Amino acid sequence: MASLVAIQPKQPSFSVLPSSHSDFNGARLISSFQYKRKPCLSKGALQVTASSEKKILIMGGTRFIGVFLSRLLVKEGHQVTLFTRGKAPISQQLPGESDQDYTDFSSKLLHLKGDRMDFDFVKSSLSAEGYDVVYDINGREATEVEPILDALPNLEQYIYCSSAGVYLKTDYLPHFEVDAGDPKSRHKGKLETESLLVSRDVNWTSLRPVYIYGPLNYNPVEEWFFHRLKAGRPIPIPNSGMQITQLGHVKDLAKAFVQVLGNEKASKQVFNISGEKYVTFDGLAKACAKAGGFPEPELVHYNPKEFDFGKKKAFPFRDQHFFTSIEKSKALLGWKPDFDLVEGLTDSYNLDFGRGTFRKAADFSTDDMILEKKLVPQS
């Protein structure tokens with residue numbers, strides 16, 4: 001049997017380091033795409049209001065996105081429960097978070113321990129609790145979502161964390177929410193989940209972030225650059241380095257998740273969520289250096305086809321142009337990012353890597369392969 005427990009604070013406090021603003025904003029591409037607002041809501045449109053207290057379940061929520069999202073929801077007065085396997089602490093004090101703020105948050109946070117792959121348990125435990133809203137942060141397959149929908153026939157809103165990785169690769173960018181999905185992508189499970197939500201009589205909203213960054217990031221996005229900058233090493237970048245990509249701060253994503261709650265304009269809608277401007281790979285390396293107070297780095301470009309890296313990943317981004325339009329989110333939700341790129345990277349550095357904390361230790365083995373071939377004269 002699962003039990004709901006309130007989590008008590010046990011973590012030490014931290015002091016916050018200053019965050020700086022910067023005029024570095026990366027490359028900007030402007031689109032004239034416009035969205036027409038429908039005069040009336042579709043069948044089954046949202047009736048829930050974000051201002052009223054809701055009983056909210058977050059699937060996952062202890063690693064990255066949910067850490068920030070749960071705090072915002074608790075501050076708004078909602079009853080928040082995290083569904084996890086219980087292998088990690090349910091709450092942790094964030095750098096810069098006061099003891100009082102952490103105590104207030106953690107004392108209100110509830111936990112439902114279980115495995116979401118145990119579908120019978122999911123159905124019985126969720127049915128007994130009767131949640132109003134579900135935030136699915138860690139769902140990957142449609143089969144994981146069906147038991148939740150079955151257990152909550154009166155669910156007011158299902159808010160799903162999808163990915164911009166569902167889009168079919170194209171020469172015509174940026175990606176818009178209406179663009180075709182790729183049924184063969186490694187994110188096809190998220191695309192199938194969105195299709196399931198469409199097919200069910202449920203109010204749903206799906207957010208598609210691009211690359212997410214910020215404090216506690218468990219993916220080697222900014223951390224990959226920070227490791228090399230701290231070590232004073234050249235930064236290997238595939239091909240020309242002019243590939244354009246897009247990053248969005250985790251706190252901006254959390255804010256978007258809150259803004260779709262009870263928002264009738266978010267009913268049965270998909271939204272791209274990321275930073276306002278785009279940036280090249282070379283520009284990102286320079287932005288990370290500026291954020292961490294490092295000298296401008298030496299960039300070494302290489303052809304990935306000349307190397308056999310085995311199963312190791314030599315660069316943390318897909319080697320292509322990859323970015324989305326966030327105009328729909330801005331127009332319909334009234335949402336916009338608070339962080340520009342360097343400001344957001346500075347926030348991440350000061351509250352995480354700059355304190356000596358990171359998720360993965362530095363591994364320069366693929367770098368050494370590249371640098372040996374590029375920098376050592378061949379006899």
Side-chain angles (χ1 to χ4, degrees), residues 2 42-48 54-66 69-70 73 78-87 110-167 177 181-209 212 253-254 256-258 260-263 266-273:
S42 59
K43 178 183 177 182
L46 280 175
Q47 300 300 318
V48 56
K54 294 298 170 185
K55 190 173 183 180
I56 295 175
L57 179 68
I58 300 180
M59 303 299 292
T62 61
R63 297 181 70 189
F64 187 33
I65 301 170
L69 171 60
S70 58
L73 293 172
H78 302 293
Q79 182 189 107
V80 178
T81 299
L82 304 188
F83 184 106
T84 80
R85 290 175 294 178
K87 294 186 176 181
L110 302 175
H111 181 217
L112 180 58
K113 182 179 178 179
D115 186 340
R116 73 177 296 164
M117 300 307 293
D118 184 344
F119 297 155
D120 290 337
F121 172 78
V122 169
K123 289 180 181 179
S124 60
S125 60
L126 271 59
S127 178
E129 289 297 327
Y131 296 99
D132 301 318
V133 176
V134 171
Y135 279 94
D136 193 348
I137 303 300
N138 63 5
R140 294 182 178 276
E141 303 293 337
T143 53
E144 302 169 7
V145 175
E146 285 185 287
I148 301 174
L149 300 179
D150 292 340
L152 300 170
N154 298 318
L155 186 67
E156 296 176 2
Q157 191 175 12
Y158 197 97
I159 303 173
Y160 185 59
C161 185
S162 184
S163 170
V166 303
Y167 290 116
E177 290 85 348
D182 182 0
K184 296 181 180 180
S185 82
R186 69 184 185 90
H187 297 286
K188 65 180 182 179
K190 289 186 176 292
L191 195 62
E192 291 167 354
T193 298
E194 291 178 342
S195 297
L196 171 68
L197 292 170
V198 170
S199 70
R200 298 287 294 257
D201 186 20
V202 61
N203 282 310
W204 59 271
T205 305
S206 182
L207 302 190
R208 293 177 177 174
I212 312 168
L253 176 59
F257 270 119
V258 173
V260 300
L261 174 62
N263 189 334
S267 180
K268 301 185 178 182
Q269 295 292 322
V270 173
F271 295 97
N272 294 328
I273 300 291

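Please read all numbers here as calculations on a predicted model, not as lab measurements. Quick note: numbers below take in every heavy atom, side chains included, and nothing from hydrogens, waters or symmetry partners.
For the pair Met59/Val145, no side-chain contact is recorded, criterion being any heavy-atom separation below 4.5 Å from C-beta on. Side-chain atoms of Val133 and Tyr158, non-hydrogen and from C-beta on, never get closer than 4.5 Å to each other. Using a 4.5 Å cut-off on side-chain heavy atoms (C-beta onward), Ile56 and Thr81 make no contact.
In summary, Asp115 and Lys87 do not engage in a salt bridge, as defined by a charged side-chain N under 4.0 Å from a carboxylate O.
Taking Ser70 as the reference, nothing meets the side-chain hydrogen bond (donor to acceptor under 3.5 Å, both in side chains) condition, with sequence neighbours excluded. Partners of Phe271 under the ring-ring contact (aromatic ring centres under 6.0 Å, His included) rule, at least two apart in sequence or in another chain, do not exist in this structure. For Asp132, there are no side-chain hydrogen bond (donor to acceptor under 3.5 Å, both in side chains) partners, not counting sequence neighbours. For Ala164, the side-chain contact (heavy atoms from CB on, under 4.5 Å) criterion is met by Tyr167, Val210, Phe322, Thr324, not counting sequence neighbours. Residues that satisfy the salt bridge (charged side-chain N to carboxylate O under 4.0 Å, His left out) test with Arg200, not counting sequence neighbours, are Asp150.
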Step-by-step side-chain hydrogen bond (donor to acceptor under 3.5 Å, both in side chains) determination, Thr84 to His111: CA-CA 7 Å; Thr84 80; His111 181 217; 2.8 Å; yes
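A distance of 11.5 Å separates CG in Leu57 from CD1 in Ile159, rounded to the nearest 0.5 Å.
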Donor-acceptor pairs are to be reported for all side-chain atoms of residues 190-198 against protein atoms at under 3.5 Å, with residues two or more places apart or in another chain.
| unit_1 | atom_1 | unit_2 | atom_2 | d |
| --- | --- | --- | --- | --- |
| Lys190 | NZ | Gly139 | O | 2.9 |
| Lys190 | NZ | Cys161 | O | 2.8 |
| Thr193 | OG1 | Ala142 | N | 3.2 |
| Thr193 | OG1 | Gly189 | O | 2.8 |
| Glu194 | OE1 | Arg208 | NE | 3.4 |
| Glu194 | OE1 | Arg208 | NH2 | 2.5 |
| Glu194 | OE2 | Ser162 | OG | 2.9 |
| Glu194 | OE2 | Ser206 | OG | 2.6 |
| Glu194 | OE2 | Arg208 | NE | 3.1 |
| Ser195 | OG | Leu191 | O | 3.2 |

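Tyr135 and Phe257 have perpendicular rings, their planes meeting at more than 60° on a 0 to 90° scale where under 30° would count as parallel.
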